Amino acid sequence: MTVATFLSRRERFALVASTNDIAREWLASDVPEVCLAVADEQSAGRGREGRAWLAPRGVGLLLSLGFRPAWLPPTQAWQLAAVTSLAMAEAGEEVAGLRPGAVRLKWPNDLYAESGSNVAKLGGVLGETDGLGTDDPRAIVGLGVNVDWRAADFPADLAGQMTSLREAGGDHPIDRAALLESFVERLEASVVALRAGRFDAPEWVARQLTTGRLCWLELPDGTVETVRAVGVDTDSGALLVEDPATGNGQQKVHSGEIRHVRLSEPRVAATSGKAAARGGV
Ligand code: BTN
């Protein structure tokens with residue numbers, strides 16, 4: 001096992017309110033980047049859009065990374081969350097024995113397992129930034145993954161939408177420590193690359209679950225639209241959707257949540273795109 005040299009501080013906690021809060025406190029008290037807080041359990045884990053993130057002790061990997069991305073243009077801060085998800089997708093495939101590419105990303109960076117006509121959430125990312133564009137930029141990338149959680153123990157109201165690496169791999173126990181080490185090793189390589197101006201855009205594009213599919217997109221004002229996703233924009237992190245007025249052309253979605261992906265019909269060929277918008281970190 002290689003020891004990650006890019007981590008300035010790494011600590012594992014039995015119980016915290018939220019690992020994002022730990023990373024934020026560290027950044028506020030001058031801990032250098034990249035810092036990593038991991039918890040066995042959270043008492044107030046947060047998801048996006050004010051949701052809670054719940055995971056019983058010991059079955060999930062709950063972590064937050066703290067960055068000081070003065071080396072990254074603020075318009076590219078979304079890439080911190082993207083490399084985090086990509087590193088976890090590859091690590092998850094390795095430890096669960098899944099085929100490469102089996103873990104998909106649902107824009108912007110949530111982790112999904114796709115099997116046949118079924119798709120279920122494996123993990124989610126909560127990015128929080130402060131002071132981007134100033135001389136003291138801070139970014140926290142929180143990641144929660146369902147790891148060694150048995151389907152029989154999933155909460156009844158979520159059982160149809162969620163899965164775990166254990167279940168995706170055929171009900172084999174998953175070693176959370178091995179997953180963490182594999183993730184850290186992969187993340188180190190991609191953060192080093194990102195610092196040198198290299199982002200693995202083809203990999204981020206290839207893993208997107210939504211491309212070519214009809215989706216229900218909830219916009220920040222709460223309205224829900226049915227859109228066809230046609231790709232993601234590798235300059236800005238935006239979701240690209242077919243222009244509803246013309247049926248062709250592309251619109252960039254800067255923020256929003258995909259509530260549902262329709263898997264029951266064939267994909268429409270994807271197009272590539274370059275544009276300007278933020279998926280958010
Ligand atoms: C989502 O899908 O809504 C995002 C979930 C993010 C959950 C992780 S768990 C570790 C970190 N700490 C938190 O409080 N949230 C993130």
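Owing to the predicted nature of the structure, the values given are computational and were not obtained by experimental measurement. Counting starts at 1 for both ligands and their atoms, in listed order.
Annotation: side chain to side chain donor-acceptor pair (under 3.5 Å) contacts involving residues 190-207, sequence neighbours excluded, comprise E33-R195, E93-R207, N109-W204, E203-R207. Here salt bridge (Lys or Arg N to Asp or Glu O under 4.0 Å) pairs that include residues 147-160, with residues two or more places apart or in two chains, are D148-R166. For residues 53-62, the pairs satisfying side chain to side chain donor-acceptor pair (under 3.5 Å) are E41-R57, with sequence neighbours left out.
Judged by distance alone, the side chains of T223 and D221 do bring a donor and an acceptor atom under 3.5 Å apart.
Considering every non-hydrogen atom in both G58 and R176, the closest pair reads O-NE, 3.0 Å. The two residues C215 and T210 make their nearest non-hydrogen contact at SG-CG2, 3.7 Å.
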Filter the ligand 1-protein atom pairs down to N or O on both sides and distance under 3.5 Å, then list them.
unit_1   : atom_1 : unit_2 : atom_2 : d
ligand 1 : 2 (O)  : K121   : NZ     : 2.7
ligand 1 : 3 (O)  : R48    : N      : 2.8
ligand 1 : 3 (O)  : R51    : NH2    : 2.8
ligand 1 : 12 (N) : T19    : OG1    : 3.1
ligand 1 : 12 (N) : Q42    : OE1    : 2.9
ligand 1 : 14 (O) : S18    : OG     : 2.7
ligand 1 : 14 (O) : R46    : N      : 2.7
ligand 1 : 15 (N) : R46    : O      : 2.7

